[in-house]
Protein chains: 2
Amino acid sequence: MTTPPLGLRDQKKMARREAMIQAAVRLAVERGVENALIEDITAAAGVSHRTFSNYFGGKAEAIAAKHLDRARGVAEVLRGRPADEPLWDAITYAALSPYRADKKSPDPEWTASIRLMTSEPSLLGEFLKTNAVAERELADVVAERTGTKVARDLYPRLVAATVWAAVEVATDKWLSTAKPAPITQLVRNALRQVAAGLPDPSAD
Amino acid sequence: MTTPPLGLRDQKKMARREAMIQAAVRLAVERGVENALIEDITAAAGVSHRTFSNYFGGKAEAIAAKHLDRARGVAEVLRGRPADEPLWDAITYAALSPYRADKKSPDPEWTASIRLMTSEPSLLGEFLKTNAVAERELADVVAERTGTKVARDLYPRLVAATVWAAVEVATDKWLSTAKPAPITQLVRNALRQVAAGLPDPSAD
DNA sequence: GGGGATCTTGCGTGCCGCGCAAGATTGCGT
DNA sequence: ACGCAATCTTGCGCGGCACGCAAGATCCCC
């Protein structure tokens, strides 16, 4: 996506960021969020305690960072879709795009972070914030596509909110089911339902 | 609602809680969230610094408390609706119920706290958490009503999520518009749209 | 009216976010 | 090739906060 020839400076920056995120998730999973001190995380990532604060507002933000990157990608992919493609087809494609990169099943580090954030109350707020950011950006793109205005019309925000709700619910079901259907199928299904409206219960 | 003859003990408890919430919102609005120290809040409420921590997990939780109470009421009202009432009629009634108590326009302290939470990043997470809690409870009631199961079917959670999204978007528009239509009308409108599905932009 | 339960309060501790200034490292023009 | 300037990391320190603990106050109920 963003490949303006990256300087050495920014390369190291990315590497440090990635190292911190990875260490944060790993340690939080291993020993629990409360017991994974920032000091431990920065030690594992090979940076100073103080540097962590330059990158993230807190432990939760670091853990949520991967999910944030993934979520923002959805809006970005939607923006890249041809303008004449039907809206909900484009949305479905975009919503599934994060899973296309994954080889077989989704990135285990990503799923681990999701489980963590949805189970630990101290992380839940940050998790919801990332979704809110992504939803906002999605609304912007939907507005562009449909000739509506976020500030004026309810439509783009309602679409973005329902889309994200569908993704969210589908993901949650996928995570909490013993032998779940492929997550792409669950997402597709949920999107079909919200697009069509929800007057009555329909089978999954 | 809950009127088992309240003891003196619980009366004082409620009063303290209310005093802290009110002081928290007021001071946070007056001088900014960061500058409203917990010490100040507790001083204004006439309780100890330590007592605050017994009631709330943090400043954000105290500020969000009023909204949380309001939001949970929606699910509770829905549960009280007759079983043979059409689902979306009952939902609409329940979603509008918080505003029925307000005399003319919504409780100014409530609107103030909403503005605060949606504008201050440090509060946004807690705000979204309260909505998530309310959404969860709403999903439970929807499941009861429709004979579905939250753990099995996507339907109740999708309904709850879209309903809450509609309320959220409508509220946000009401707050950000110079001379807005009545909030009840905006909510009703948003609910109609999500219930019917969102294939194409429709006028508000 | 008294015993037991519940809650507030004060104290102490460890963690965290951030301001500040100094030192290190990279980018870039010449 | 080199040095200057910009950027960033790092160490230090401080104020604020969440929470455990024990003692004292308050209320419930018999």
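Fair warning: this is a prediction, and the values are worked out from it, not measured in the lab. Each chain gets a letter, A, B and so on, in the order its sequence line appears, and its residues count up from 1.
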> How long is the line joining CG of A/Asn35 and P of C/dC16, in whole Å?
11 Å

> Between C/dC15 atom P and A/Phe56 atom CZ, what is the distance in whole Å?
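After rounding, the gap between these two atoms is 21 Å.
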
> Round to the nearest Å and state the distance from B/His49 atom NE2 to D/dG16 atom P.
11 Å

> Return the nearest nucleotide to the side chain of B/Ile38; candidates are C/dC7, D/dA18, D/dT9.
D/dA18

> From CG of A/Asn54 over to C1' of C/dA22, roughly how many Å is that when rounded to an integer?
15 Å

> Can you tell me if B/Lys12 touches the phosphate of D/dT26, counting only side-chain N or O atoms and a distance under 4.0 Å to OP1 or OP2?
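Answer is no, no contact under 4.0 Å.
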
> Where the side chain of B/Val47 is concerned, which of D/dC28, C/dT25, C/dT9 is the nearest nucleotide?
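In terms of side-chain proximity for B/Val47, the closest of D/dC28, C/dT25, C/dT9 is C/dT9.
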
> Reckon B/Tyr55 has a side-chain N or O less than 4.0 Å from the OP1 or OP2 of C/dC7?
no

> Sort out for me which residue in B/Leu123, B/Val25, B/Val33 forms a side-chain contact (heavy atoms from CB on, under 4.5 Å) with B/Met117.
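Going through B/Leu123, B/Val25, B/Val33 one by one, the side-chain contact (heavy atoms from CB on, under 4.5 Å) with B/Met117 is satisfied by B/Leu123 alone.
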
> B/Arg50 side chain: which of C/dA5, C/dG10, D/dC17 is closest?
C/dG10

> Taking the nucleotide of DNA chain C with the closest heavy atom to each, which residue, A/Glu34 or B/Asp10, is nearer the 5' end?
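The 5'-side residue here is B/Asp10.
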
> Does a nitrogen or oxygen in the side chain of B/Arg16 sit under 4.0 Å from OP1 or OP2 of C/dT8?
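Yes, such a contact exists.
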
> How close do B/Val159 and B/Ile91 get, counting heavy atoms only, and between which atoms?
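Closest heavy-atom pair between B/Val159 and B/Ile91: CG1-CD1, 3.7 Å.
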
> More 5' along DNA chain D: B/Leu8 or B/Gly58, using each one's nearest nucleotide?
B/Gly58

> Tell me which nucleotide among C/dC18, C/dT9, D/dC27 gets nearest to the side chain of A/Ser53.
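So the nucleotide nearest the side chain must be C/dC18.
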
> Check step by step if side-chain contact (heavy atoms from CB on, under 4.5 Å) holds for A/Arg17 and A/Ile21.
CA-CA 6 Å; A/Arg17 184 183 136 96; A/Ile21 293 173; 4.0 Å; yes

> Verify the contact: side-chain N or O of B/Ser48 to OP1 or OP2 of C/dT8, cut-off strictly under 4.0 Å; return yes or no.
no

> List the atom of A/Arg145, the atom of A/Pro82, and the distance in Å for their closest heavy-atom pair.
NH2-O, 2.6 Å

> Taking atom P of C/dC7 as reference, at what distance in whole Å does atom CZ of B/Arg9 sit?
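Roughly 6 Å, once rounded to whole Å.
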
> Rounded to the Å, how far apart are A/Glu39 CD and C/dG17 P?
13 Å

> For B/Lys59 and D/dC17, is the shortest distance between a side-chain N/O and OP1 or OP2 below 4.0 Å?
yes

> Rounded to the nearest angstrom, tell me the gap between atom CG in B/Leu37 and atom C1' in C/dG17.
14 Å

> Would you say B/Glu109 has more than 12 foreign heavy atoms packed within less than 6.0 Å of its CD?
yes

> Give the rounded distance in Å between these two atoms: CZ of A/Phe52 and P of C/dG17.
7 Å

> Does a nitrogen or oxygen in the side chain of B/Thr51 sit under 4.0 Å from OP1 or OP2 of C/dT9?
yes

